[in-house]
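The next block holds one structure in the form of structure tokens; read it before the comments.
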Amino acid sequence: MSDLGIPGVLDLAGIFVFAVSGALAAVQKRLDVVGMVVLAEITALGGGILRDLVIGAVPPAAFTSVSYVLVPLGATVLVFFWHPQVTRIMPAVTMFDAAGLGLFCVTGAIKALDYRLSPLHAVLLGVITAVGGGILRDMLSGQIPGVLHDRQLYALPALVGAMVATLLWHSGLHGVVVSAGSALLAFGLRVAAVRWGWRTPRARGVRD
Amino acid sequence: MSDLGIPGVLDLAGIFVFAVSGALAAVQKRLDVVGMVVLAEITALGGGILRDLVIGAVPPAAFTSVSYVLVPLGATVLVFFWHPQVTRIMPAVTMFDAAGLGLFCVTGAIKALDYRLSPLHAVLLGVITAVGGGILRDMLSGQIPGVLHDRQLYALPALVGAMVATLLWHSGLHGVVVSAGSALLAFGLRVAAVRWGWRTPRARGVRD
Amino acid sequence: MSDLGIPGVLDLAGIFVFAVSGALAAVQKRLDVVGMVVLAEITALGGGILRDLVIGAVPPAAFTSVSYVLVPLGATVLVFFWHPQVTRIMPAVTMFDAAGLGLFCVTGAIKALDYRLSPLHAVLLGVITAVGGGILRDMLSGQIPGVLHDRQLYALPALVGAMVATLLWHSGLHGVVVSAGSALLAFGLRVAAVRWGWRTPRARGVRD
């Protein structure tokens with residue numbers, strides 16, 4: 001659907017939630033409204049732009065429809081006024097980031113499949129689309145990207161979501177409902193990992 | 001004019017001033033001559049390369065004419081010998097960076113318009129071209145990008161410059177003089193903001 | 001040879017050694033296995049992806065053959081089990097990084113020449129391919145990129161290797177043996193610079 005220049009509903013949902021996570025992160029860093037807009041836009045659009053450049057979708061989707069740019073602006077306005085309602089910001093950033101992770105790992109993988117990339121590369125691009133925005137948001141804020149140091153699984157839920165989405169796509173199962181299901185699975189895995197502290201192993205001999 | 005492979009005078013001026021800002025930043029960080037060249041080249045060419053990849057201008061302008069690569073080298077040589085004349089480096093970096101900001105927000109927006117992007121996306125790409133090099137320079141130096149924490153308007157003068165340039169372009173006013181005027185406006189706004197400490201608001205409830 | 005979608009042996013060798021350097025860096029930062037894979041893949045593929053986007057090779061080579069993605073995975077597995085044999089990790093990272101530097105400055109320059117870029121731009125892209133992965137690895141780990149602060153020549157051996165490879169290519173000398181020779185020269189220069197502490201000058205007046 002994104003090929004028609006009309007952003008899919010899952011695309012816009014992912015852009016919205018990632019923008020909220022970026023704007024909230026800006027508030028937590030005490031940035032001004034410009035910093036909020038910059039972080040919101042980059043977190044929301046960064047992963048998708050990178051994926052589109054790689055698969056040859058030029059201009060990237062973000063530059064074919066004004067919705068891609070306006071939705072993060074709207075998210076910033078919401079956060080600008082609403083953030084005091086959020087008693088603790090970091091858990092909120094994590095929740096919105098998890099939602100974006102789930103949505104983007106699926107839409108990213110499917111777009112790569114539409115562009116005839118191999119299943120392995122589609123899965124990889126799904127993960128890149130999902131974690132790319134968060135990586136840019138963290139690096140711009142001067143932090144080590146969460147995907148690297150966040151011991152609770154971050155890239156793995158995105159990997160599972162992208163793999164499931166790719167499998168279903170290759171089985172002929174397409175459409176918003178199927179995609180939303182895969183996204184929900186990835187989102188759920190990420191939330192569960194945070195809630196119950198699931199960890200991935202370190203190399204032998206590396207102690208805390 | 002850049003379509004002919006001949007870099008426009010405003011393009012080269014912007015590349016020169018941004019390269020000076022990058023080389024001066026390298027001196028301030030006590031880097032060696034290689035670090036000066038790397039920061040000069042990346043600050044000067046980074047924003048434009050990103051813009052060109054997005055609009056589909058491949059290879060990016062920086063890779064179509066040797067001037068794009070040699071001008072930052074020349075700027076580095078100048079700074080290598082001349083920098084002791086600059087009693088305080090940071091204000092100099094800010095001045096040269098403001099000049100690059102003004103020039104690039106205009107040339108970036110106009111190139112996007114030449115490539116048929118919408119006015120909104122052209123303005124966005126003008127801002128990206130203007131602030132992209134500085135963001136890369138700051139991140140490579142291990143600092144939070146100025147566009148995020150620099151309370152004196154940084155992206156807003158670039159936004160105004162790109163908007164004015166886009167408006168004039170759509171009104172049929174083209175040419176170096178018109179572009180230089182828009183660039184001067186953006187440069188002036190940035191310098192004024194620094195001089196008089198103009199600030200942008202933070203989200204409600206966020207205190208220093 | 002990479003045009004056929006079959007990765008050249010020098011390409012894969014460079015990807016392997018850069019992946020080892022990234023995985024070792026992850027171990028040194030006490031990251032988990034996901035962090036090891038991310039750093040290995042990004043260090044191995046980052047420079048090449050950037051070069052391919054610039055020269056218009058889309059999708060980048062990394063996305064045309066699964067070997068590009070699987071070799072860094074294999075390198076990560078090796079490091080995961082084998083790293084305790086390495087008594088001091090940083091010198092090992094430096095060695096593997098130097099090997100990647102040597103290989104990629106040559107393969108990167110040659111690919112740019114195949115795509116009809118000028119000799120100057122081919123040399124520049126050889127350097128970008130060689131240092132790009134290390135820059136990304138360092139930035140993701142929260143460090144100033146070695147190419148900037150590492151006083152022992154880092155970019156210069158890559159520059160020499162790319163220049164020699166370009167000269168030989170323009171003289172009609174092609175093939176794996178010739179390329180391997182240029183790579184060995186760059187690798188040797190980098191190792192010698194580290195071993196004997198060769199330094200590059202700083203701007204006049206800048207003291208340690």
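Each chain gets a letter, A, B and so on, in the order its sequence line appears, and its residues count up from 1.
- Using a 4.5 Å cut-off between heavy atoms, C:Ala62 touches chain A through its backbone atoms (N, CA, C, O) alone.
- Scanning both residues, A:Cys105 and A:Ala186, for their nearest heavy atoms gives SG-CB, 3.8 Å.
- In this structure, the portions of C:Leu140 lying under 4.5 Å from any heavy atom of chain A include both its backbone and its side chain.
- The two residues A:Ala158 and A:Leu101 come nearest to each other via the heavy atoms CB-CG, 4.1 Å.
- With rounding to the nearest 0.5 Å, the separation of CG in A:Leu24 from CE in A:Met95 is 13.0 Å.
- Atom CD1 of A:Ile55 and atom CZ of C:Phe63 lie 10.0 Å apart (nearest 0.5 Å).
- What you find for A:Lys111 and A:Ala61 is that their closest heavy atoms are NZ-CB, 3.7 Å.
- Between C:Phe96 and C:Trp82, the angle of the ring planes goes over 60°, which puts this pair in the perpendicular group of the 30/60° scheme.
- Annotation: the span from A:Ser179 atom OG to A:Leu168 atom CG amounts to 8.5 Å, rounded to 0.5 Å.
- Looking at C:Val69, the atoms closer than 4.5 Å to chain A (heavy atoms on both sides) all sit in the side chain, from C-beta outward.
- Of the two parts of A:Leu159, neither the backbone nor the side chain holds a non-hydrogen atom closer than 4.5 Å to a non-hydrogen atom of chain C.
- With a 4.5 Å cut-off on non-hydrogen atoms, C:Thr76 does not touch chain A at all.
- Scanning residues 128-139 of chain A against chain C with a 4.5 Å heavy-atom cutoff picks out A:Ile128, A:Ile135, A:Met139, ordered by number.
- Closest approach of C:Ala44 and C:Ile15 over heavy atoms only: CB-O, 3.4 Å.
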